[in-house]
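Remarks on the structure that follows.
Per chain, numbering begins at 1; letters A, B, ... match sequence-line order.
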Protein chains: 2
Amino acid sequence: MNIGEIAKRSGVARSTVSYALSGKRPVSETTRRRIQAVIDELGYQPNASAKALKEGRTRTIGLVIPPAGRRLTDMQLSFVASVVDAAARADLDVLLSPSGGEHDRSFERVVGGRRVDGVILMEIRLEDDRVTRLRRSGLPFVGIGRTDRPDEMSWVDLDYETLIARCVHHLADLGHRHVALVNRPGELLAAGYGPAHRARAGFSRAVAERGMEGVQACCADDARAGVSCVGRLLADHPGLTAVATINEAAMPGMYRAIERAGLSVPGDFSIAGVAGRHWAENLHPPLTAADVPADELGAHAVDLLVRRIADPAAAHHRLLVAPPVSLRGTTGPARPRPSADRG
Amino acid sequence: MNIGEIAKRSGVARSTVSYALSGKRPVSETTRRRIQAVIDELGYQPNASAKALKEGRTRTIGLVIPPAGRRLTDMQLSFVASVVDAAARADLDVLLSPSGGEHDRSFERVVGGRRVDGVILMEIRLEDDRVTRLRRSGLPFVGIGRTDRPDEMSWVDLDYETLIARCVHHLADLGHRHVALVNRPGELLAAGYGPAHRARAGFSRAVAERGMEGVQACCADDARAGVSCVGRLLADHPGLTAVATINEAAMPGMYRAIERAGLSVPGDFSIAGVAGRHWAENLHPPLTAADVPADELGAHAVDLLVRRIADPAAAHHRLLVAPPVSLRGTTGPARPRPSADRG
DNA sequence: TTGTACGCGTTATCAT
DNA sequence: ATGATAACGCGTACAA
């Protein structure tokens, strides 16, 4: 079913069908209705490829997500969901590209083949080849996250530095003197993943400001790693009474390790973190955490991208959010650990 | 950068460039290298729309996911992730369409505009307009889930009926005499959502076979609903000692309700369910559940779809899986409930 | 190897 | 207001 067929059956010219659909030239009501009747009958829809080829835009955006194999965290999934929803509201389709590096085939197809009008990039590193590649390509893009040159691109991001600092201050206010940061995986930190670095910085700063003792640990993104990571922290630091963390996926394991050590939360040990609201609420007990507004962030990213597509030369926009810490069930006054002789 | 430009700079015809890239006609090694040099220098990649227009295929598959607003369950997200990964391995891109009904704009764009070579459909209902629409369109498609006419399409699915029956039998073996089924939301059941209906059937059958007393409840897909649903079940049925469930998202709430009733798991009360392995393991205590192999199912769906695209006339294929129940920490011998006078 | 028609929708032009 | 015609976007594949 193509436009020529519709024209033939309606007894009009191809161009008339096109104009009837686009309204870019007046078409009499009678012919318009006749054409529409045929279209409805045959269920015609213009070929998206032909349209894209002619118009030079695809009405599709690319969403670059962390690559295969690695399991996405709840927060990342929330971003994906919110981007897809926001795009659908703007009548944009979303093409997913699970790509980590610049030379990923999927990434190259999406960026190089003009399959999309713009790209939303997730899990950005401080230095990121994909950002370089996208800038070189001239394709509009928006980061969920940012590089170490934040003024050179549009982005939305969480202020992990502030958030972790707030967690530490909250714990300090409760009397905790010895806290740990459970960070994202060491590979990510080594690869220059921004949130991991910024969480570090915020933690170090806050700990110094409050004259506390702080330890940092990296932890893989899963429950098992959370168990061993916190298990080790508890064993190595008898004075430790609290943990701050940005590692969502490890949280269930962290709870387990604390329980296995014979400690209760929040009676003997406190946890504060950064997580999506649902995730924090589903933990048991519910986690005191800065609630990440993934929905708004994703929607905002789409919004920025749509604007950038409309005017690629416009100034860059940024949005850095630092949601407040919601007090739930996992932080309480510091109490020396039962088996801790020193600390 | 288009193929004409490459041809000009290489001093050859456009078609020669095309043949040099596709290898569908011999091109002398010297010219091939000259062309390649120009391509590398300019970073040329063929325009995907033009290619799709000419070839009649997009090398893209559509993935229809549950629509906006409703939060996707962990299992649904696992399906999405596995489909995207499997597609990437096959060098296929994935276009996401968050659509519930047939008249969804996004759905129509994807199906009607020939934007994709095939479609994977999630959360299928026993009678599903989208299936009708897809069949009418002639576009190859594969279901993750199936309608009540399972022989008319290709699909992969979980055998919820068997799985829930197994959970019930497991509970019966442990001496439980009075169990409840916590199903998916009532709207889904009313809308004819297959898994909800099949879970019902499996539950009723197994309960009858073992001469048990069974109650059924629908529950929204979130923890809060889980709390109130199980809270009500516990209050209304003093003899109840176990729950079987397919409602992942409600599970954390179910745990909470049981705890609030002063019962321990699995000492006083047992839970068995159907869930992704990660989800089951992350619960506290880890859930005894049939571990849904979402990765394999998603990959298999992509595989079926690829085959269907290659040969749309081929016979339909199906895959019904019933993974075994992994015993974890939530089921134990039946024990009359502390406050239960009758039972 | 080259020239060219084709896939399909859009839009400008000239004419009615 | 509408028709007829053709150019265009870009890659592919057949005939020459």
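- Taking the charged nitrogens against the carboxylate oxygens, B/R9 and B/E41 have no contact shorter than 4.0 Å, which rules out a salt bridge.
- Summary of the strand contacts: B/S15 and A/T31 both lie near DNA chain D, and taking for each the nucleotide with the nearest heavy atom, the more 5' one is attributed to A/T31.
- More than 12 heavy atoms of other residues, nucleotides or ligands lie within 6.0 Å of CZ in B/R135, so this atom counts as buried by the packing criterion.
- Remark: P of D/dA7 and CZ of A/R14 are 13 Å apart, rounded to the nearest angstrom.
- Taking a cutoff of 4.0 Å between a charged side-chain nitrogen and a carboxylate oxygen, A/R109 and B/D91 qualify as a salt bridge.
- Nucleic acid contact for B/G113: none, since no nucleic acid atom lies under 4.0 Å from a heavy atom of the residue.
- When the P atom of D/dG9 is taken as reference, atom CD1 of B/I6 falls 16 Å away, rounded to whole Å.
- The 5' end of DNA chain D is approached more closely, in terms of each residue's nearest nucleotide, by B/K54 than by the other of B/Y19 and B/K54.
- Atom P of nucleotide D/dT12 and atom CG of A/L53 are separated by 12 Å, given to the nearest angstrom.
- With contacts defined as side-chain heavy-atom distances shorter than 4.5 Å, the pair A/V119/A/V64 qualifies.
- Cation-pi geometry between B/R25 and B/Y19 is met: the NZ or CZ atom falls under 6.0 Å from the ring centre, inside 45° of the normal.
- One atom, CE of B/M1, and another, C1' of D/dG11, lie 16 Å apart when rounded to the nearest Å.
- By the 4.5 Å heavy-atom criterion applied to side chains, B/L158 and B/L297 are counted as neighbours.
- Rounded to an integer number of Å, the gap from CD1 of B/I3 to C1' of D/dG11 is 6 Å.
- Of the residues near DNA chain C, B/R114 and B/V27, the one whose nearest nucleotide (by heavy atom distance) lies more toward the 5' end is B/V27.
- Residue-level contact check: B/S28 touches the backbone only, with heavy atoms under 4.0 Å from sugar-phosphate atoms and none from bases.
- In the 5' to 3' direction, nucleotides of DNA chain C lying under 4.0 Å from heavy atoms of chain A begin and end at C/dC8 to C/dT13.
- When the P atom of D/dT2 is taken as reference, atom CZ of A/R33 falls 12 Å away, rounded to whole Å.
- Ion pairing between a basic and an acidic side chain is recognised when a charged N comes within 4.0 Å of a carboxylate O; B/D157 and B/R146 show such pairing.
- Residue B/K51 places none of its side-chain N or O atoms closer than 4.0 Å to OP1 or OP2 of D/dC10.
- In this structure, CG of B/L21 is placed 11 Å from C1' of D/dT12, rounded to the nearest angstrom.
- Going from atom CZ of A/R25 over to atom P of D/dG3 covers 9 Å, rounded to whole Å.
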